[in-house]
Structure formats: C-alpha cells, structure tokens
Asker: 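Below: one structure in structure tokens.
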Amino acid sequence: MIRRRSTPGIYKWSRPAIGAIAGLGILNTGYLTFEKLTGGSPLCTTPEKVKSCADVLSSPWGTVFGQPLALFGLLAYIGMFILALAPLALNSVEGDKNRNQIENLSWWLLLVGAIAMTVFSGYLMYILAFQLKALCWYCIASAFFALSMLTLTLLGRDWEDIGQIFFIAVIVVMVTLIGTLGAYSGINYDGTIGSTDKPRQITAFTSQEQPNPEFGWEITTTSGEAEIALAQHLVKAGAKEYVAYWCPHCHEQKLLFGKEAYKIISDNIGVECAGNSPKGKPELCTAANIQGFPTWIINGKSYSGVQNLDELAKITGYTGPKNFKYFR
C-alpha cells in the first residue's frame, strides 16, 4: 500500500501568513506616506541625542524621484498582498490547469518581490546605521516584514528546481542593487544633493534633537576657500546676521557657509537673539527691529530668511572666488 506524503503544515498557511505580513506593511508604509504628504511628523520614541523617524523621512534618502520613499514601499506591499491572497480567492477546482498556472506564477512573483524588498531594506538599514545614524522603528519593522515574507516564500511551497531559484535570486539582487544605487546616485553622504564637483543642495533641515542653547545644532558641512573669503568680506563690509539658536532656517544658513566659515560669521558679526542663550543679546535684536530669523542687515538694508551665498556676494559687492560648495 502506497501512502501519500503528507503536506507540511507551512505549505497550507504560508500564503495567508505572507498576506498578513504584507497587510502590516501596508499599514506601516501607508501611515508614513500620509505623514510625509501632509507635512506631519510620525510618532517615534528614540533615546536622547539620537536621530528619529522624522529625520529619516526628511533626509535625502526619504525621497525617490521626487516622491516619498514610503509611497513606493506601500505599493510594493500592496503588490505582495495581492499576489499572496488572490489565488486563494479563485474557485478551487481540482485539476484546474489555469488555476495551477496562476498559483505557480504568483509564487515566482512573490519570490522576486520578496528578494527585491529584502535587498533594498538591507541597503536602507546600512544607511540608517552608518550614514544617518538614526533609529527609525518603522524602517526596522519594514525590513523585518520583508525578510519574513522572503523566508515564508522560500519555505512555503515545494520548490522543485533549487538551481532556478538561485539563478533568479542572483539576477534580482543585481538588478535591485543597480537600481537602488542609481536612484540614490545624486546623494552625498554628508546629507547634500548633487555631484561633488558641482554646488550641492542643502535640504530643508528638521531635527527631533533639542538644540544646544550655546550653538544650536552641530554644523556638518565644511567650508571651502570661497566660503571663508566671503565670510571675511562680510565682516569687513560691516554686515550683521541676527539668529536664534533654535531656528532651523538659521541652521540651514550655517550649513551653506560650512563650519569653518561660519565660525568667522559667529565670532564677528553674528547676533544671538534668544534670551536663554549664553550668547544671547535680545536687546540688540529689539533695537534692530528683527521680526524673523535669520535676518541680515547689510548697508542699512534688511534681508530676511536664508540667503544663498551668491546673493550675499552680489549684495555686498564681493569679488573673490565664487565656487561656493552649497546652495539652497
């Protein structure tokens, strides 16, 4: 008497499990997409002085082709959800050739999708840990979901041709890595956008970290010859810059100059308006009728908001090197 080999239990619930995990991914990325598109900040608890989810979402890596990265993640999870559960919704007819073909095709597509999502998530985990140095629970959860779906896809059916799986995996990994590096090719690891040979764009600054009353946030950009020369020229021209240490736009202005050049600005012509700062001189700001930060006063005229260095050079008649490294 010949006994049929029993079907492993994991084969029976692998599709529903993949669908459930994809559903969690939809909720996760859907929430992040909503917050990003509406300008909100996701709920995220992190240790003090550690960048959070909001910093990750606002970083250059949080946007792909002008759209929130979470939106692409949402679409990927929706695709996995459909591929996992759609065959189960078909009327089950034993020996139905079309159904078997659809189920087989969906397994291969699930495999491709799970591999691609896992590889991409691995890249983002590297960026999170070593470049952004942030803690984003939503990102970590998404990476866990992708890895879980890949594991269930590999173990959830009887794959007869292991060599074909390996071949497809190699192709998908290569294509995903090439596509990922291509999509982020314009991002520099100091958080700026653009090639290192051309002026790089400073992105809008947001941070969940509390600023230091003495200096605000740490300046992460470096100065070139042009930035230092312009800073020295602004000192000679008698310009004044009025700032508040807690002001994100003031920090963007600092990033445009870079650490070395802005020290010249801060030590000579910078005026701190926050009264609770050790360097605060709010009475000077009141006397100058400062309404917002940063505000430049040059030759008796007021200029509100962040100023590109080219504009400051033009206003003050600066004639030195103008190969500025950054712009906004």
Side-chain angles (χ1 to χ4, degrees), residues 41 48-52 54-55 58 190-192 200-322 324-328:
S41 180
E48 188 177 356
K49 295 184 179 181
V50 175
K51 293 181 180 179
S52 69
D55 299 296
S58 62
D190 58 1
T192 58
R200 288 168 279 175
Q201 183 179 10
I202 297 294
T203 57
F205 176 77
T206 58
S207 177
Q208 298 300 308
E209 179 183 346
Q210 293 299 315
N212 188 309
E214 188 171 351
F215 59 83
W217 294 278
E218 181 182 358
I219 301 175
T220 56
T221 55
T222 57
S223 308
E225 175 189 8
E227 286 79 16
I228 292 175
L230 176 61
Q232 293 171 339
H233 172 77
L234 289 169
V235 173
K236 293 179 181 178
K240 289 289 184 183
E241 186 202 17
Y242 296 84
V243 299
Y245 73 86
W246 44 258
C247 166
H249 296 306
C250 299
H251 188 69
E252 291 170 10
Q253 186 72 78
K254 298 174 184 179
L255 292 174
L256 290 177
F257 275 99
K259 187 173 183 178
E260 296 79 8
Y262 195 78
K263 187 176 188 307
I264 298 173
I265 299 290
S266 178
D267 290 348
N268 293 279
I269 60 175
V271 181
E272 174 60 62
C273 295
N276 63 332
S277 170
K279 299 180 180 179
K281 298 179 180 178
E283 67 281 359
L284 297 182
C285 304
T286 301
N289 193 30
I290 302 302
Q291 302 297 319
F293 310 110
T295 294
W296 290 87
I297 293 185
I298 301 172
N299 296 327
K301 188 175 180 179
S302 177
Y303 300 87
S304 298
V306 181
Q307 305 295 318
N308 275 314
L309 303 194
D310 282 325
E311 187 63 24
L312 289 174
K314 180 179 178 181
I315 293 171
T316 58
Y318 169 76
T319 58
K322 296 182 180 179
F324 302 120
K325 297 171 64 175
Y326 312 104
F327 71 95
R328 183 174 182 270

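What you see is a predicted model, and the numbers here were worked out from it, not measured in a lab. Residue numbers count from 1 along this sequence.
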Asker: So Glu241 and Gln307, do their side chains get closer than 4.5 Å, heavy atoms only?
Answerer: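 Counting from C-beta outward, Gln307 and Glu241 never come under 4.5 Å.
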Asker: Scan for disulfide (SG to SG under 2.5 Å) pairs involving residues 210-245, sequence neighbours excluded, and state none if there are none.
Answerer: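 Found none.
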Asker: Between CG of Leu255 and CD of Glu218, what distance do you get to the nearest 0.5 Å?
Answerer: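 The CG atom of Leu255 sits 10.5 Å away from the CD atom of Glu218.
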Asker: Donor-acceptor pairs under 3.5 angstrom involving side-chain atoms of residues 295-306: please list them, not counting sequence neighbours.
Answerer:
residue, atom, partner, partner atom, Å
Thr295, OG1, Gly292, O, 2.5
Trp296, NE1, Gln253, OE1, 3.2

Asker: With sequence neighbours left out, which residue pairs that include part of residues 270-292 fulfil the ring-ring contact (aromatic ring centres under 6.0 Å, His included) condition?
Answerer: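 Pairs touching residues 270-292 that pass the test: none.
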Asker: Among pairs that include at least one residue of residues 205-256, which meet disulfide (SG to SG under 2.5 Å), considering only residues two or more places apart or in two chains?
Answerer: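 Every candidate disulfide (SG to SG under 2.5 Å) pair involving residues 205-256 fails, so no pair, neighbours aside, qualifies.
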Asker: According to the ring-ring contact (aromatic ring centres under 6.0 Å, His included) rule, which pairs have a member within residues 254-294, sequence neighbours left out?
Answerer: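 Qualifying pairs, neighbours excluded: Trp246-Phe293.
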Asker: Can a side-chain donor-acceptor contact be found between Lys325 and Thr222 if the only test is distance below 3.5 angstrom?
Answerer: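 There is such a pair between these side chains.
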Asker: Might you work through the side chain to side chain contact (heavy atoms under 4.5 Å, CB included) test for Phe324 and Asp310, ending with a clear yes or no?
Answerer: CA-CA 8 Å; Phe324 302 120; Asp310 282 325; 3.2 Å; yes
Asker: Between NE2 of His251 and CH2 of Trp217, what distance do you get to the nearest 0.5 Å?
Answerer: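 That separation rounds to 7.5 Å.
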Asker: With a cut-off of 3.5 Å and sequence neighbours excluded, list every side-chain donor-acceptor pair involving residues 274-281.
Answerer:
residue, atom, partner, partner atom, Å
Asn276, OD1, Tyr245, OH, 3.3
Asn276, ND2, Tyr245, OH, 2.7
Ser277, OG, Pro213, O, 2.6
Ser277, OG, Lys279, N, 3.2

Asker: Is any side-chain heavy atom of Gln201 closer than 4.5 Å to a side-chain heavy atom of Phe327?
Answerer: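 They are in contact (side-chain heavy atoms under 4.5 Å apart), so the answer is yes.
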Asker: What pair of heavy atoms forms the shortest contact from Leu309 to Leu256, and how long is it?
Answerer: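 Here Leu309 and Leu256 meet closest at CD1-O, 3.4 Å.
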Asker: Sequence neighbours left out, what passes side chain to side chain contact (heavy atoms under 4.5 Å, CB included) with Gln232? Give chain and number order.
Answerer: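 Gln232 satisfies side chain to side chain contact (heavy atoms under 4.5 Å, CB included) with Ile228, Ile264 only.
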Asker: Under the disulfide (SG to SG under 2.5 Å) rule, collect the residues that match up with Cys285, sequence neighbours excluded.
Answerer: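 So Cys285 forms a disulfide (SG to SG under 2.5 Å) with Cys273.
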Asker: Kindly indicate, with the supporting measurements, whether the criterion side chain to side chain contact (heavy atoms under 4.5 Å, CB included) is fulfilled by Val271 and Val243.
Answerer: CA-CA 6 Å; Val271 181; Val243 299; over 6 Å; no
Asker: Which atom pairs, one a donor and one an acceptor, fall under 3.5 Å between side chains of residues 311-321 and the rest of the protein, sequence neighbours left out?
Answerer:
residue, atom, partner, partner atom, Å
Thr316, OG1, His233, NE2, 3.2
Thr316, OG1, Leu312, O, 2.8
Tyr318, OH, Pro321, O, 2.8

Asker: Looking at CD of Glu272 and CD of Glu214, how far apart are the two atoms once the value is rounded to the nearest 0.5 Å?
Answerer: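 Between atom CD of Glu272 and atom CD of Glu214 there are 10.5 Å.
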Asker: Apply side-chain hydrogen bond (donor to acceptor under 3.5 Å, both in side chains) to Glu283 and list each qualifying residue two or more places apart in sequence or on a separate chain.
Answerer: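 Testing Glu283 for side-chain hydrogen bond (donor to acceptor under 3.5 Å, both in side chains), a comparison that skips the adjacent residues, returns none.
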Asker: Taking only residues two or more places apart in sequence or in another chain, which ones pass side-chain hydrogen bond (donor to acceptor under 3.5 Å, both in side chains) with Lys240?
Answerer: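 Result, side-chain hydrogen bond (donor to acceptor under 3.5 Å, both in side chains) vs Lys240: none returned.
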Asker: Looking at residues at least two apart in the chain, or sitting in another chain, which of them share a side-chain hydrogen bond (donor to acceptor under 3.5 Å, both in side chains) with Glu260?
Answerer: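 So Glu260 forms a side-chain hydrogen bond (donor to acceptor under 3.5 Å, both in side chains) with Ser223.
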Asker: Give the minimum heavy-atom separation between Lys254 and Ile219, together with the two atoms involved.
Answerer: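 The answer is CB-CD1, 3.8 Å.
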